[in-house]
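Heads up: the structure comes next, in structure tokens.
First the proteins, then the strands, lettered A, B, ... as listed; each starts at 1.
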Amino acid sequence: MHRDLFKKRQYATLGQQYAEPVPAINNEIPAKDIPKGLVNKCESCGELLMAKELQKNAHTCPHCGHHFSVDAPTRLSLTLDSDTFEEFDAGISSVDPLGFPGYMDKVHKAQEMSGLAEGIVTGQGKISGFPVVIGVMDARFIMGSMGSAVGEKLTRAIEKAGQLRIPLILFTASGGARMQEGILSLMQMAKTSAALERLQEQGTLFVSVITHPTTGGVSASFASLGDIILAEPGALFGFAGRRVIEQTIRQNLPDDFQTAEFMLKHGMVDKVVHRAQLRDTLTTILRVHGLRGEGSGDTTGI
Amino acid sequence: MATQLEFEHPIIELQSKIQELRQFMQESGMNLNDEVDKLERRLLELKSSVYSTLTPWQRVQVARQPGRPTTLDYIQGLCSEFIELHGDRNFRDDPAIVGGIGLMDGEPVTVIGTQKGRDTKENIHRNFGMAHPEGYRKALRLMKQAEQYHRPVVLFIDTAGAYPGMSAEERGQSEAIARNLREMAGLKTPTISVVAGEGGSGGALGLGVTDRIFVLEYAWYSVIAPESAAAIMWKDSGQAARAAETMRISALDLLELGVADGIIKEPEGGAQKAPAQTIQSVKHQVVSSLAELKQLSIAELLQARYDKYRDMGVYFERSVDKVST
């Protein structure tokens, strides 16, 4: 491992690929866990990257553009204005409704490792002064899977956006419905979608941001229901697993199959946005739907 | 034709023994009626003991039996007149989902369901009842049409799952199912779904967000097929029997977990043993349940539907002191 350190030296050139560097990262909440250590190797191109350099580049590789996975706290700090986040329902966590062998151990391990009570963090905050309800899934937590707790937190967040009449932004990262809660996990797809139906009926904006990976029951429910669907480059976004499909059709799939770019080409995504520009893109979307940002004052009668 | 399942072998053996004895009686002219009666009684006991103690995995096998009524069979039994309507008006007609309009006891109704084939040739045509996105979109089109003309919607679910193939992904399988979940939650007309055989994950749910969900006695409904669950949990799809037990996918489990509103009893041994009787039981349940739902105003109906799904799931909530002001 250390040999690689001396093999090839190449310095990152910051701010070259993007006219503006990283927009307003909240530096007060330090990015936890990812990346670990001072030097990281890009999972995609193999370039060595200094931790600071990665952080400055919104946890993407400045050489090849690879997007590293980010956990929920990091995502919140990358997305929201400093000190604006208020968490909802932090006390909700999973139980074991089916008596599924080993499930609670899995949950406890995930809690310890992530420092989160469940696989999604929800709350309220501001993006460039625009108030939003935000939900961020954390792929570290049993693959970001959706069981009853995740479904409940999401549904409350959706309902809250409706009550407050402020836009809802959901960052998805999930392997799908959580197997260990069986049919109850499947029903969370219906529950969240029913809440979104009411939000849509009311006319409150919902933007879903697809991050790596978004598949199965999450892809086939709220992730695909955004008024606007953004996706990060290279993010896996699809219904069935690649292996299952290969077994079904008995042929190899193209390399870009089920990526954000593939889904853009097939009309399932509105726009693929580099992480470093995501905040700006969201700001523009909020402004267009506007009048509810800072300075608009009155939020009634709109 | 229904195939014989392993746990039915003792029953089949006894049946053929009785048959042989009868034939012998006829040929030899001997009176063995007492003997035959005894065996007949034993057969009844054996049947009821076998079928009343089926394991979850055996139930899955019953649910997959060919010869069970398909959606088109239910439609024929339910409706005095029926016209099948085709296509999603966008890409093509998906034969894995059928639907249309008809009269049930003189009342207009829209019926939609996944359609398995009754033989290999038809199964290939129907893609084994595994729908593409255009199937879900056709279903939604027909549901919206039902809403417009104030017809209730009855949906039949019997699918291993939505089709997991390249074409399905390209055309947005996720989006098609997701949209159905949302639109069905807000559909302004009474809706009833019947899980008639297999309820395979999102592909089943895509037709299953309804005011009432009924499950046939031997049907299963799960977030993941038992074989796939076993492959993930124990890296061995042969452990499907164990997975079926663990996942709680049987009708009674679904009732206890608050997902199903009721169980429709099947003839002894399963729907395939007496399809016409099964269809009548289903019709009876659907008709009485619709009459109940029609008592509600649309606002009440939608609120009740929302509350029903809102309450699904079990979680723990620790009280957290609010830090914020």
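Residue A/Phe262 touches chain B through its side chain alone, counting heavy-atom pairs closer than 4.5 Å. For A/Glu181, the part lying near chain B is the side chain, with the backbone staying farther off; criterion is any non-hydrogen pair under 4.5 Å. For A/Gln200, the part lying near chain B is the side chain, with the backbone staying farther off; criterion is any non-hydrogen pair under 4.5 Å. Contact of B/Ile249 with chain A is not made at all, since no heavy-atom distance falls under 4.5 Å. Heavy atoms of B/Leu257 lying under 4.5 Å from chain A belong to its backbone as well as its side chain. Neither the backbone nor the side chain of A/Asp96 comes within less than 4.5 Å of any heavy atom of chain B. Looking at A/Ile245, both its backbone and its side chain come within 4.5 Å of chain B, counting heavy atoms on both sides. Heavy atoms closer than 4.5 Å to chain A are found nowhere in B/Arg305, neither backbone nor side chain. Residue contact with chain B, scored on non-hydrogen atoms closer than 4.5 Å, involves the side chain of A/Glu159 exclusively. For B/Ser222, the part lying under 4.5 angstrom from a heavy atom of chain A is the backbone only. For A/Ala195, the parts lying near chain B are the backbone and the side chain together; criterion is any non-hydrogen pair under 4.5 Å. Looking at B/Val314, the atoms closer than 4.5 Å to chain A (heavy atoms on both sides) sit in the backbone and in the side chain alike.
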Exercise for the section: Evaluate side-chain contact (heavy atoms from CB on, under 4.5 Å) for A/Phe100 paired with A/Met179, printing each intermediate quantity in order. Expected result: CA-CA 9 Å; A/Phe100 199 98; A/Met179 183 177 70; 4.3 Å; yes
Exercise for the section: Would you check, one step at a time, whether the test salt bridge (Lys or Arg N to Asp or Glu O under 4.0 Å) holds for B/Arg137 with B/Asp94? Expected result: CA-CA 9 Å; B/Arg137 289 176 184 135; B/Asp94 186 350; over 6 Å; no
Exercise for the section: Begin with the C-alpha distance, continue with both residues' side-chain angles, and end with the deciding distance and a verdict on side-chain hydrogen bond (donor to acceptor under 3.5 Å, both in side chains) for A/Ser219 and B/Ser174. Expected result: CA-CA 6 Å; A/Ser219 157; B/Ser174 286; 2.3 Å; yes
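Side-chain contact between A/Tyr103 and A/Ser94 is present, with at least one heavy-atom pair separated by less than 4.5 Å. Side-chain contact between B/Arg212 and B/Thr191: absent, with no pair of heavy atoms (C-beta onward) separated by less than 4.5 Å. Between A/Val207 and A/Leu205 there is a side-chain heavy-atom pair separated by less than 4.5 Å.
Here A/Ser93 is the residue among A/Ala90, A/Ala149, A/Ser93 with the most heavy-atom pairs under 4.5 Å with chain B. In terms of heavy-atom pairs under 4.5 angstrom with chain B, the leader among A/Gln247, A/Arg198, A/Glu246, A/His266 is A/Arg198. Comparing A/Glu152, A/Glu118, A/Met268 by heavy-atom pairs within less than 4.5 Å of chain B, the highest count is held by A/Glu152. When each of A/Ala177, A/Gly102, A/Gly182 is checked for heavy-atom pairs under 4.5 Å with chain B, A/Gly182 comes out on top. For the set A/Met263, A/Gln258, A/Arg156, the count of heavy-atom pairs under 4.5 angstrom toward chain B peaks at A/Arg156. In terms of heavy-atom pairs under 4.5 Å with chain B, the best-connected choice from A/Ser148, A/Gly216, A/Gly238 is A/Ser148. Top candidate by heavy-atom pairs under 4.5 Å with chain A, chosen from B/Met312, B/Arg182, B/Arg318, B/Glu317, is B/Arg182. For the set B/Gly202, B/Ser201, B/Ala185, the count of heavy-atom pairs under 4.5 angstrom toward chain A peaks at B/Ser201.
Listed here is the closest heavy atom pair of B/Leu254 and A/Ile183: CD2-CG1, 3.8 Å. Annotation for B/Pro226 and B/Ala240: closest pair CB-O, 3.7 Å, computed over non-hydrogen atoms. The nearest pair of heavy atoms linking A/Lys153 to A/Glu87 is NZ-OE2, 4.2 Å. Of all non-hydrogen atoms in A/Ala117 and A/Ile92, the two that sit nearest each other are CB-O, 3.9 Å.
Remark: the A/Ser145 side chain and the A/Arg178 side chain contain an N/O donor-acceptor pair separated by less than 3.5 Å.
For the pair B/Arg242 and B/Trp234, the cation sits on the ring face: its NZ or CZ lies under 6.0 Å from the ring centre, inside 45° of the axis.
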